[in-house]
Number of protein chains: 2
Amino acid sequence: MVNPEQLIDRLRSRGWRLSAQRRVVAEALQGDHVHMSAEEIYSLARERLEEISQATVYNTLRELVSMGEVRVLLADDGVKRYDPNVAVAHHHLLCVHCQTFKDVHPSGDDGVELPDAERFGFILTGMDIVFKGICPECQLVLGVQDHQ
Amino acid sequence: MVNPEQLIDRLRSRGWRLSAQRRVVAEALQGDHVHMSAEEIYSLARERLEEISQATVYNTLRELVSMGEVRVLLADDGVKRYDPNVAVAHHHLLCVHCQTFKDVHPSGDDGVELPDAERFGFILTGMDIVFKGICPECQLVLGVQDHQ
DNA sequence: TGACGACTTAGAACGATTCTAAAGCTAGAA
DNA sequence: TTCTAGCTTTAGAATCGTTCTAAGTCGTCA
């Protein structure tokens with residue numbers, strides 16, 4: 001598990017000016033949540049600092065992403081989710097119904113390679129694996145069963 | 001290479017009513033293009049059928065997706081691209097600069113597995129692998145070089 | 001104290017997509 | 001052939017997440 005202070009500590013040590021607004025956004029991110037949307041982060045931040053504006057949440061998130069401290073995930077609904085867990089390599093499991101992401105560490109992922117003939121002259125910078133499925137809560141809602 | 005008539009043939013044999021508008025959308029999809037956005041498909045369709053409306057393009061694409069004949073890809077810009085090549089299993093290579101997708105067939109992808117302990121009770125329905133990189137055209141634009 | 005730069009804010013603007021309500025087509029019945 | 005019911009198309013409005021704008025606030029350093 002990630003040290004809950006990690007993100008804020010990293011930001012401080014990078015000399016990032018830590019206003020009250022930025023702090024509540026960072027705190028919301030590093031809590032033990034699934035990866036949240038900007039909207040969810042906004043409402044969580046608001047519980048702690050009522051005056052914070054949506055624009056500040058968006059500004060802060062955009063800045064954290066461009067600093068490389070937070071990663072953006074796009075669910076199938078097109079809405080961005082924010083993943084603060086950049087320090088540890090991992091992939092994702094997405095519920096196709098409720099669009100929730102979970103971090104996962106698949107086996108065999110280091111064996112995946114793109115043959116030269118399929119690189120089309122690209123400079124490769126990364127690879128993401130997304131498993132898709134239906135989470136337990138949505139299985140109940142949908143009335144589906146896991147036959148395995 | 002996919003038979004260029006495949007998509008339209010499949011649709012016809014499924015009893016899908018093939019209007020002029022739907023035909024030009026399907027033809028645009030199955031041409032030898034990279035995976036296009038709705039906007040790009042609209043302008044291509046328009047070259048062949050000037051009166052076609054944007055709404056029809058969106059309606060048709062949505063229907064093709066829900067029929068399972070076309071797959072949606074979300075680039076990092078949040079804009080949907082449409083992949084008509086559902087018949088053959090494949091993964092994707094995305095240019096992080098121009099957001100173009102190419103189909104690829106990595107090696108070792110069948111060795112990737114999610115351990116039981118990491119499934120969190122999900123019913124798994126699929127796995128997508130997306131390689132990211134910079135395409136040759138964008139390398140020129142950006143002035144970066146491939147050192148390998 | 002003043003001034004500058006960084007940060008925040010409300011609200012407008014934006015862009016992709018979906019919705020709405022009306023009009024147009026088409027296949028098959030009469 | 002004509003009629004009709006249902007599917008399809010249309011323009012434009014609406015939606016929603018996100019970004020932009022321009023003004024206001026704050027903190028820091030001289």
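Values in this document were obtained by computation on a predicted structure and should not be read as measured data. Each chain gets a letter, A, B and so on, in the order the sequences are listed, and its residues count up from 1.
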**Q.** Ala38(B) vs Trp16(A), nearer the 5' end of DNA chain C by closest nucleotide
**A.** Trp16(A)
Q: Take atom CD of Gln54(B) and atom C1' of dA11(D), then tell me their distance rounded to the nearest Å.
A: 11 Å
**Q.** 5′-ward residue of the pair Arg81(B)/Val57(A) relative to DNA chain C
**A.** Val57(A)
Q | Under-4.0 Å side-chain N/O to phosphate OP1/OP2 contact, Arg22(A) with dT8(C) | A | yes
Q. So, is Lys80(B) near the phosphate of dG15(C), with a side-chain N or O under 4.0 Å from OP1 or OP2?
A. no
Q) Expressed in angstrom and rounded to an integer, what is the separation of Gln21(A) atom CD from dC26(D) atom C1'? A) 10 Å
Q: Take the protein atom CG of Leu74(A) and the nucleotide atom C1' of dT18(D), then report the distance between them rounded to whole Å.
A: 12 Å
Q. Is a salt bridge present between Lys102(B) and Glu118(A), judged by a nitrogen-to-oxygen distance below 4.0 Å?
A. no
Q. Of the nucleotides dT18(D), dT10(D), dC20(D), which has the atom closest to the Ala55(A) side chain?
A. dC20(D)
Q. Separation of Glu63(B) atom CD from dC19(C) atom P, in whole Å?
A. 14 Å
Q. Would you say dC7(D) has OP1 or OP2 under 4.0 Å from some side-chain N or O of Ser19(B)?
A. no
Q: Examine dT18(C): is either OP1 or OP2 under 4.0 Å from a nitrogen or oxygen in the side chain of Arg62(B)? Give yes or no.
A: yes
**Q.** Length of the OH-P vector between Tyr42(B) and dT17(C), whole Å
**A.** 14 Å
**Q.** Nearest-Å distance for atom pair CD/P, residues Glu51(B) and dG24(C)
**A.** 14 Å
Q. What residues form a ring pair (Phe, Tyr, Trp, His ring centres under 6.0 Å) with His90(A), not counting sequence neighbours?
A. His92(A)
Q. In whole Å, what is the span from the CG atom of Asn59(A) to the C1' atom of dT18(D)?
A. 11 Å
Q) When the distance from OH of Tyr58(A) to P of dG11(C) is rounded to whole Å, what number comes out? A) 17 Å
Q. Which part of the nucleic acid, if any, lies within reach of Glu39(B) when heavy atoms closer than 4.0 Å are counted: base, sugar-phosphate only, or nothing?
A. nothing
Q) Does the pair Asp128(A)/Arg71(A) count as a salt bridge with the N-to-O cut at 4.0 Å? A) yes
Q. Would a 4.5 Å heavy-atom cut-off, applied to side chains only, mark Leu93(A) and Phe120(B) as touching?
A. yes
Q: Indicate yes or no: at least one non-hydrogen side-chain atom of Val25(B) is less than 4.5 angstrom from one of Leu44(B).
A: no
Q: Examine dT10(D): is either OP1 or OP2 under 4.0 Å from a nitrogen or oxygen in the side chain of Thr56(B)? Give yes or no.
A: yes
